[in-house]
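Just the heavy atoms: all of them, side chains too, but no hydrogens, waters or symmetry mates, feed the values below. Note that this is a predicted model, so its numbers are computed, not measured.
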There are 2 protein chains.
Amino acid sequence: MKPEYSIKQQQLMDTAEQLFSRKGFEGTSVRDIAEEAGINTAMISYYFGSKEKLMEAIFEQRSLNIKEQVDILLKDERLDAFQKVYHLVDEYIDKIMQRKKFHRILLCEEVINQNPVIVELLAKMKNRNSSWISDLIRHGQKKRLFKKQVDIPMMMNTLIGTITHILVNLEFYRSYHNLESLSEEEFEKVIKKRLSAHIKIIFKAILTNES
Amino acid sequence: MKPEYSIKQQQLMDTAEQLFSRKGFEGTSVRDIAEEAGINTAMISYYFGSKEKLMEAIFEQRSLNIKEQVDILLKDERLDAFQKVYHLVDEYIDKIMQRKKFHRILLCEEVINQNPVIVELLAKMKNRNSSWISDLIRHGQKKRLFKKQVDIPMMMNTLIGTITHILVNLEFYRSYHNLESLSEEEFEKVIKKRLSAHIKIIFKAILTNES
DNA sequence: CAAAATTAATTAAACGTTTGTTTAATATAG
DNA sequence: CTATATTAAACAAACGTTTAATTAATTTTG
């Protein structure tokens with residue numbers, strides 16, 4: 001399904017991701033990317049066809065897919081419905097924090113919404129993921145642990161909105177709480193832990209509170 | 001303090017905001033803006049100095065400031081601490097929904113983070129607003145309605161993250177819930193109502209839940 | 001109050017860069 | 001020998017900004 005990329009192609013995609021996330025798609029030139037990657041400018045068109053298609057390749061490779069994880073969670077009988085949802089929350093935090101740069105680009109691209117290939121890709125991804133989340137929620141509703149009416153996109157909005165918004169405010173958060181002395185990894189651990197606890201409280205409220 | 005702008009300048013700022021929010025700052029040319037506004041291209045440099053400074057002018061004019069609202073809320077003795085916070089939540093929803101285009105630009109600009117004037121402006125705004133929120137939260141803590149430790153930036157992250165993330169997913173939300181038949185205004189009313197109820201549940205949980 | 005002088009607004013054209021992409025030549029590998 | 005990879009150079013188009021000329025508005029002056 002997914003095309004395989006040579007080392008040089010992967011190098012170009014990594015460098016492009018890095019620069020797109022710092023300067024935006026339009027703000028990054030193919031010369032920037034090529035120079036930073038130590039590869040001739042013409043290779044971008046040679047390998048990917050265009051700067052646009054290089055971007056699409058990045059999106060196709062790195063978009064978030066939760067199918068597998070939800071599959072595993074639904075089958076796992078040791079976990080109750082809440083624990084399943086909590087596991088998924090942590091999965092989202094991990095995956096988004098793991099791919100910070102990509103998700104910063106994603107955020108911008110969702111706003112600008114220009115490239116039809118990417119728009120299509122994201123729409124499919126959202127529908128797919130929402131559908132998997134629905135399965136997980138219905139599971140909790142059948143067990144009478146969750147309330148009957150849950151606005152799943154709204155819930156996902158808070159999940160992804162909270163994670164991605166802190167992603168662009170990491171440095172503000174760090175300085176607000178005087179965590180400058182922590183190393184990058186230590187700080188990331190703290191953030192992930194706090195995010196996890198924070199969102200679980202939120203999800204519990206959303207899933208149980210009867211209006 | 002704030003510079004006043006002529007009708008033509010305001011026209012340029014409105015048109016620029018519109019285009020920046022659709023195609024990004026780098027993706028919009030001064031010729032695009034001028035043509036759309038029916039004004040000569042050179043007028044942008046003439047009035048604002050540069051495209052960059054036009055952007056800064058937009059930010060200076062439209063950045064969110066909650067000082068006044070918090071002032072009023074703190075003094076209002078008819079409201080308990082929860083109601084005060086809830087009012088502020090609605091204030092955020094209203095102001096951000098009112099300025100959809102600007103907040104889409106803001107979102108991108110926070111990611112890209114290139115223009116030092118805007119970076120400075122946003123940092124000050126965040127510090128100022130966080131400080132006002134702190135006052136409001138401390139008020140509730142003194143009345144023993146809120147728990148002792150509240151991570152205010154994390155709470156604000158969820159507030160703003162949720163609102164802005166739905167801002168870039170309005171159409172997905174609309175189609176998911178089959179609300180295509182609603183007019184723009186009706187749909188916006190529905191969104192604001194749901195956002196309001198949703199975030200209030202979240203805030204209640206964040207402010208009361210003892211870990 | 002009107003004419004002259006001055007300032008401000010507006011224009012089309014031109015400026016020098018930078019943009020993404022293509023080309024045609026050369027190098028490398030199988 | 002052939003196919004792929006790599007290069008520097010060239011391409012036209014688009015970019016933000018400046019210029020110099022012209023028009024409009026405002027102020028000064030007789």
Please tabulate, for the side chains in residues 176-183 of chain B, all donor-acceptor contacts under 3.5 angstrom to protein atoms that are two or more places apart in sequence or on a different chain.
{"unit_1": "B:His177", "atom_1": "NE2", "unit_2": "A:Asp151", "atom_2": "OD1", "d": "2.9"}
{"unit_1": "B:Ser183", "atom_1": "OG", "unit_2": "B:Glu186", "atom_2": "N", "d": "3.2"}
{"unit_1": "B:Ser183", "atom_1": "OG", "unit_2": "B:Glu186", "atom_2": "OE1", "d": "3.3"}

Across nucleotides 13-30 of chain C, 5' to 3', mark each nucleotide with B, S or - according to how protein heavy atoms within less than 4.0 Å reach it. -B----BBBB--------
In this structure, how many angstroms lie between the [atom2] atom of [N] and the [atom1] atom of [X], rounded?
X: B:Gln11; N: C:dT10; atom1: CD; atom2: P; result: 10 Å
X: B:Ile33; N: D:dA14; atom1: CD1; atom2: P; result: 17 Å
X: B:Met43; N: D:dT18; atom1: CE; atom2: C1'; result: 14 Å
X: B:Ile39; N: C:dT10; atom1: CD1; atom2: P; result: 8 Å

Residue pair [X] / [Y], side-chain donor-acceptor N/O under 3.5 Å:
X: A:Thr164; Y: B:His165; result: no
X: A:Lys200; Y: A:Ser196; result: yes
X: B:Asn129; Y: B:Lys67; result: no

Whether the side chain of A:Ser131 engages the backbone of A:Asn127 through a donor-acceptor N/O pair (distance < 3.5 Å, no angle test) should be reported. no
A:Gln10, CD atom: more than 12 neighbouring heavy atoms under 6.0 Å: yes
May I ask you to check whether over 12 heavy atoms, not counting those of B:Lys53, lie within 6.0 Å of atom NZ? no
Hey, does A:Tyr47 reach any base, or is it just sugar-phosphate, or nothing, if we go heavy atoms under 4.0 Å? sugar-phosphate
Among A:Arg22, A:Arg62, A:Lys23, the one residue meeting salt bridge (Lys or Arg N to Asp or Glu O under 4.0 Å) with A:Glu17: A:Arg62
Give, ordered by number, those residues of residues 104-118 of chain A having at least one heavy-atom distance below 4.0 Å to an atom of DNA chain C; if nothing qualifies, reply none. none
